[in-house]
S.K.: 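Here it is, the structure in full.
Remember, it's 1-based here, ligands and their atoms both numbered in the order they're listed.
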Amino acid sequence: VKVIHKAVAVRHALTAERIGVDAISIDGFECAGHPGPFDTPGLVLIPRAADLLSIPVITSGGIADGRGLAAALALGADAVNMGTRFVATQEAPVHPNVKQQIIANNEHDTVILFRKFNNTARVARNEVSEQALSIEGREGSTFADIAELVAGVRGREHVLERGEMNGGVWWAGLSQALVDDIPTCAELVARVVSDAEAILGRLSGR
Ligand SMILES: Cc1cc2nc3c(=O)[nH]c(=O)nc-3n(C[C@H](O)[C@H](O)[C@H](O)COP(=O)(O)O)c2cc1C
């Protein structure tokens with residue numbers, strides 16, 4: 001079994017490397033999910049991780065196409081992990097409205113929740129995430145005040161299964177701005193790889 005440790009900070013990745021994991025998957029601030037408290041974007045995080053770690057580095061956050069893969073490789077990553085991009089594929093087991101919403105959304109359509117509770121979470125901007133953010137911003141509010149709004153089961157049932165796009169919170173990263181179709185996973189991977197190869201070839205000619 002290979003152990004891949006997910007991290008958002010190089011110092012946490014270094015600890016995991018010291019303990020003996022096989023590879024690091026490191027997320028820049030752009031990512032869907034939990035970007036951590038440091039807000040370090042990939043442009044700095046990836047070369048830092050590549051410089052300081054000896055084990056393979058898989059990077060993610062904001063990567064959705066061959067340009068992202070080529071850039072990540074240029075910055076020193078060994079591989080990429082794409083989350084949001086794969087939600088808008090034929091095979092993703094979510095309601096078609098979710099896939100269309102990812103296409104419609106841009107880089108302004110995410111919000112960071114739970115910063116106050118030291119558990120930052122980047123989710124899609126919608127009525128529920130806006131409401132949760134507003135309650136979180138109130139002085140003295142606690143997680144209990146938004147727990148029902150942001151419950152994972154609510155997002156799964158209302159958004160992912162029924163396609164009610166304002167029914168709950170759902171994960172999405174800034175990379176949604178780069179998504180404009182719903183390919184199969186095979187088409188997507190082939191395209192990302194061939195676009196990256198073409199870009200790297202063009203750059204080497206400069
Ligand atoms: C729908 C969805 C579910 C995710 N679930 C998890 C999870 O359970 N554990 C985890 O470490 N990361 C999770 N992530 C984060 C991804 O692994 C990845 O770090 C992130 O999506 C990268 O940013 P990107 O969306 O810009 O590609 C999830 C992302 C999405 C979009």
Side-chain angles (χ1 to χ4, degrees), residues 2-10 12-13 16 21 23-43 45-46 49 56-73 75 77-103 105-114 119-126 128-129 150-161 163 165 167-183 185 188-189 191-192 196:
K2 297 287 182 198
V3 177
I4 302 174
H5 183 75
K6 204 100 183 287
V8 294
V10 176
H12 297 162
V21 304
I24 292 293
S25 173
I26 200 157
D27 256 354
F29 184 51
E30 303 90 335
C31 72
H34 294 285
F38 308 111
D39 301 356
T40 315
L43 210 52
L45 187 69
I46 301 170
V57 175
I58 303 163
T59 193
S60 51
I63 298 165
D65 55 27
R67 296 171 296 184
L69 172 57
L73 295 175
L75 289 168
D78 297 292
V80 301
N81 160 32
M82 302 188 297
T84 303
R85 173 62 269 198
F86 275 107
V87 181
T89 55
Q90 295 291 330
E91 292 92 334
V94 299
H95 194 281
N97 288 359
V98 178
K99 302 177 189 184
Q100 290 302 334
Q101 192 67 54
I102 289 173
I103 291 175
N105 284 355
N106 66 31
E107 66 274 30
H108 303 292
D109 297 321
T110 71
V111 300
I112 299 273
L113 293 177
F114 314 151
N119 188 24
T120 51
R122 189 185 292 283
V123 300
R125 186 185 292 281
N126 68 7
V128 174
S129 60
V150 302
V153 65
R154 178 179 171 152
R156 193 178 68 238
E157 285 176 7
H158 288 269
V159 180
L160 303 183
E161 291 174 9
M165 297 316 296
V169 296
W170 56 286
W171 304 115
L174 299 184
S175 59
Q176 64 184 354
L178 306 172
V179 175
D180 57 12
D181 63 356
I182 306 172
C185 291
L188 175 62
V189 171
R191 185 172 75 202
V192 168

S.K.: Indicate whether atom 2 (C) of ligand 1 is within a distance of less than 4.0 angstrom of some protein heavy atom.
M.R.: yes

S.K.: Checking R85 side chain against A88 main chain: does a donor-acceptor pair fall under 3.5 Å?
M.R.: yes

S.K.: I need the atoms of ligand 1 closer than 4.0 Å to a non-hydrogen atom of M82, numbered in the order shown.
M.R.: 27 (O)

S.K.: Using atom types as modelled and distance alone, determine if a side-chain donor or acceptor of R122 lies under 3.5 Å from a backbone N or O of F29.
M.R.: yes

S.K.: Would you say atom 9 (N) of ligand 1 touches the protein, meaning some protein heavy atom is under 4.0 Å from it?
M.R.: no

S.K.: Got a sec, which residues hit ring-ring contact (aromatic ring centres under 6.0 Å, His included) with F86, two or more places apart in sequence or on another chain?
M.R.: none

S.K.: Look at atom 12 (N) of ligand 1 and say which protein heavy atom is nearest, naming residue and atom and giving the distance to 0.1 Å.
M.R.: K6 NZ, 3.0 Å

S.K.: Among protein heavy atoms, which sits nearest to atom 30 (C) of ligand 1, and what does the distance come to when rounded to 0.1 Å?
M.R.: W171 CB, 3.9 Å

S.K.: Looking only at protein heavy atoms, which one is nearest to atom 20 (C) of ligand 1, and what is the separation?
M.R.: A32 O, 3.5 Å

S.K.: Could you tell me whether some N/O pair between S175 and ligand 1 is separated by less than 3.5 angstrom?
M.R.: yes

S.K.: Starting from atom 19 (O) of ligand 1, what is the nearest protein heavy atom, named by residue and atom, and what distance separates them?
M.R.: D27 OD2, 2.7 Å

S.K.: Quick one: does any side-chain atom of Q176 pair with a main-chain N or O of N106 as donor and acceptor, under 3.5 Å?
M.R.: yes

S.K.: When the aromatic ring centroids of H158 and W170 are compared, is their separation below 6.0 Å?
M.R.: no

S.K.: With a 3.5 Å distance limit and no angle check, can you tell me whether Q90 reaches the backbone of I182 through a side-chain donor-acceptor pair?
M.R.: yes

S.K.: Does some non-hydrogen atom of the protein lie less than 4.0 angstrom from atom 16 (C) of ligand 1?
M.R.: yes

S.K.: Quick one: does any side-chain atom of Q101 pair with a main-chain N or O of M165 as donor and acceptor, under 3.5 Å?
M.R.: no

S.K.: Mark yes or no for whether R154, through its side chain, and G167, through its backbone, hold a donor-acceptor pair below 3.5 Å.
M.R.: yes

S.K.: Quick check: does L174 get an N/O under 3.5 Å from an N/O on ligand 1?
M.R.: no

S.K.: Does any N or O in the side chain of T110 come within less than 3.5 Å of the main-chain N or O of A172, such that one atom is a donor and the other an acceptor?
M.R.: no

S.K.: What is the nearest protein non-hydrogen atom to atom 21 (O) of ligand 1, stated with its residue, atom name and distance?
M.R.: G83 CA, 3.3 Å

S.K.: What protein heavy atom sits nearest atom 25 (O) of ligand 1, and how far off is it?
M.R.: T84 OG1, 2.5 Å

S.K.: Answer yes or no for C31: is there a heavy-atom contact with ligand 1 below 4.0 Å?
M.R.: yes

S.K.: In this structure, does ligand 1 have an atom that sits under 4.0 Å from one of the heavy atoms of R85?
M.R.: no

S.K.: Ignoring angles and geometry beyond distance, decide whether G62 reaches within less than 3.5 Å of ligand 1 through its nitrogen or oxygen atoms.
M.R.: yes

S.K.: What protein heavy atom sits nearest atom 18 (C) of ligand 1, and how far off is it?
M.R.: N81 ND2, 3.5 Å

S.K.: Partners of S175 by side chain to side chain donor-acceptor pair (under 3.5 Å), sequence neighbours excluded?
M.R.: none

